[in-house]
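Step one of this worksheet: look at the structure below.
In this text the structure is predicted, and so the values were computed from the model without any measurement. Chain identifiers are assigned alphabetically (A, B, ...) following the order of the sequence lines, protein sequences preceding nucleic acid strands; residue numbering begins at 1 within each chain.
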Amino acid sequence: MNDELLAKYESVIGLEVHVQLKTDTKMFSRSRAAFGQEPNTLTDPVVLALPGALPVVNRKAVEYGIKIALATHSTIHEMSRFARKHYFYPDLPKGYQISQYEQPLATGGRVEIWHEDRRSEIALTRIHLEEDSGKNFHREGVDESLVDYNRAGVALAEIVSEPDFRSPEQAVAYLRALRQLVRYLGICDGNMEEGSLRCDANVSIRPRGQEKLGTKTELKNLNSFKAVKLALHYEIERHVALIEQGGEVVQSTLLWDAAAGQTRVIRTKEEAHDYRYFPEPDLPVLEVPRPWIDEVAAHLEELPLDRRQRFVDQYGLTDYDAGVLTDEWNLAEYFEEVVRLGGDPKKAANWIQTELLRLLKEDGRSIDEQPMSPKVLADLLARMASGELTGRNAKVVGERMYQTGRTVDEVREELGIRPPERDESVVEAVCRQVVDAHPDETARYRDGNKRLFGFFVGQVMKQDRNQDPKLVSKVLKRVLEG
Amino acid sequence: MRISIEEVEHVAQLAHLKFGQDEIAAMARELDAILEHVQKLQELDVEGVAPTTHAVPVICPLADDEPAASLPRQAVVANAPDTLDGLVRVPKFIDDSGAGLT
């Protein structure tokens, strides 16, 4: 579709994000919650809705809900209520999901995001607690579904945004910020592939300048950042095409089919579920007293954008560097540990970004799997600072340390790397030798061809790789010009 | 009659229940009687009384996040109509969360 046509319309997007809370047990029972276990081994009578089983709320899940509400500046309600949401799917043993409806845990709030080099705020509608459903497997060409109840009852926080996004990219920026936030808070591992962070989107379009909102459609199954972006673009273009052809958008729910790269209608407004919400009679009002909120607030982790600002203020890093280093909580921790152990902040930031992150990327490893302890890196930086290792050698030694997990001294010995020669007279002897061996180049250099200087430096370094290029340059200049 | 046949059919559909025509008519009559009975509550003057869903003022008890033993899988799937490799086998359906879609 051509850009001119698309530019006539403004898209209006809102996201509903399900955050799987990293509790050891489920939302309403003490059945263990874990990913990747043998099917149907993590259940109990509450999870399976066996007669007489009653739900009991997980204190930690509520605490995590308070955390995310605090971190998003939401209003936490001291009284909130659970409700039953009814629908019949084989992955929902009770025939209803316990959720929160009219009185959620928290309302309002905002998430700060970086998008197009600007800090902006996305308003939140609500945050509520609920339970997950079981997990289903559908095999191609087989007319059956297989259900695993290990996930049934796992604690979720649903975070609903206002329709504040005007582009798919902005929605993705928000989702990234939210993922970073829940990881910083330690309440969710944010693993979209494993489904611990899931996203649905509402999208509509309207002619630019028009106040009234267009008919929206709901997109499900957006289980990666890429899926969110592609599905929203696809859907926006579909809406524009419909309207441009004189048709209209039908309010409906669609699934994103990542393999086919398109959305597929699963039901229209007429077929919309009637969830028959009503207050959960098995659970009394959830009380979150002010002192509890204060207690959680007192121990709340430093938030990503605050840490980023602190890195600029405290360590004199550029905002860009601070952004890279605070992107992942673990990386920010790693950096600060290196600094605590004596590493120069700017040098540490440089080394981590140019060397460590490059090596990790090449290996497809995450920062958690990096083999260089902060202590080892701090040591390497200290040797660089003292001049014991030249920049070039530090790079070589560092890479080898990364590969082998050995110390600076072990690697230096292995590679035969000595501290650079500090005695100027020794360096000068080598320089003279090189200059004498290249009379033509020397003559041309002295005639004004200054570019040949690099050639001489290279020749001198060739004699002994352990020399300090800075000292070599200094001495060489004197020899050539003196 | 306050409850229409259509309403009974709608509720039956929501509950995934199937009834014959005569059953639906009977159901409408019975639901009517129940509603009429409950209607009496409307006569109560509840001016100034806060809405309540529980008769007794109880605050939600909270449990510590300590795992307890799981049911053995054998017992879990024993109630299922059909199984495959420890999974419950059911007629194909499309789920909303999509997380299970492959």
Side-chain angles (χ1 to χ4, degrees), chain A residues 18 23-25 29-33 38-45 48 56-62 81-82 86 88-91 132-140 142-149 151 195 198 220-223 253 255-256 266 274 276 279-281 283-287, chain B residues 3 6-18 31 38 49-102:
Chain A
H18 285 93
T23 50
D24 291 333
T25 70
S29 83
R30 306 294 72 78
S31 162
R32 201 158 72 83
E38 280 294 304
N40 292 316
T41 54
L42 305 178
T43 68
D44 67 8
L48 295 176
V56 183
V57 175
N58 186 334
R59 185 195 314 275
K60 182 141 256 172
V62 179
R81 207 182 283 280
F82 289 100
H86 298 82
F88 293 109
Y89 277 144
D91 57 15
D132 212 338
S133 61
K135 193 171 174 180
N136 317 298
F137 300 92
H138 310 286
R139 287 174 301 162
E140 201 67 44
V142 184
D143 218 20
E144 64 184 24
S145 297
L146 300 168
V147 192
D148 171 12
Y149 293 103
R151 200 183 67 179
R198 305 200 292 274
K220 302 256 182 193
N221 194 28
L222 307 177
N223 49 23
T253 303
L255 269 190
W256 170 245
I266 50 171
D274 176 350
R276 294 160 294 146
E280 168 57 270
L283 289 168
V285 167
L286 173 66
E287 194 188 33
Chain B
I3 293 270
E6 287 73 30
E7 280 174 305
V8 175
E9 283 172 339
H10 177 62
V11 173
Q13 196 196 351
L14 288 174
H16 283 208
L17 294 173
K18 261 190 193 145
L31 285 171
V38 176
V49 180
T52 177
T53 47
H54 288 85
V56 196
V58 191
I59 291 305
C60 196
L62 300 172
D64 289 336
D65 189 30
E66 307 277 348
S70 290
L71 287 175
R73 178 155 88 179
Q74 211 181 346
V76 174
V77 297
N79 286 324
D82 197 5
T83 62
L84 181 74
D85 300 333
L87 291 151
V88 174
R89 178 148 47 176
V90 296
K92 186 164 186 169
F93 70 102
I94 301 283
D95 55 347
D96 270 13
S97 71
L101 284 180
T102 49

Contacting moiety of A/V142, where chain B heavy atoms sit under 4.5 Å: backbone
query: Heavy-atom distance under 4.5 Å to chain B: side chain of A/L286, backbone, both or neither?
result: both
query: Which distance, rounded to the nearest 0.5 Å, do you find between the OG1 of A/T23 and the CG of B/D64?
result: 12.5 Å
Any residue meeting salt bridge (Lys or Arg N to Asp or Glu O under 4.0 Å) with A/R276, in chain and number order, not counting sequence neighbours: none
field: Closest heavy-atom pair and its distance - A/P284, B/V58
entry: CB-O, 3.2 Å
statement: Counting heavy-atom pairs under 4.5 Å with chain B, the top scorer among A/E287, A/H18, A/E144, A/R59 is A/E144
Donor-acceptor contacts under 3.5 Å from residues 67-80 of chain B side chains, at least two apart:
from: B/S70; atom 1: OG; to: A/T41; atom 2: O; distance (Å): 3.2
from: B/R73; atom 1: NH1; to: A/P39; atom 2: O; distance (Å): 2.7

field: Minimum-distance pair of heavy atoms, taken over all atoms of A/H138 and B/F93
entry: CE1-O, 2.7 Å
field: Pairs of heavy atoms under 4.5 Å with chain B: top-ranked of A/D148, A/V62, A/N58, A/D44
entry: A/N58
- request: Measure across A/R30 and B/A63 and return the closest heavy-atom pair with its distance rounded to 0.1 Å.
  value: NH1-CB, 3.2 Å
message: If I take atom CG from residue A/D24 and atom CD from residue B/E66, how far apart are they, to the nearest 0.5 angstrom?
response: 8.0 Å
- request: Quick one: which of B/L14, B/D65, B/L84 has the most heavy-atom pairs under 4.5 Å with chain A, could you say?
  value: B/D65
- prompt: Looking at NZ of A/K60 and CG of B/L62, how far apart are the two atoms once the value is rounded to the nearest 0.5 Å?
  reply: 13.0 Å
statement: Under 4.5 Å to a heavy atom of chain A? For B/P61 that would be both
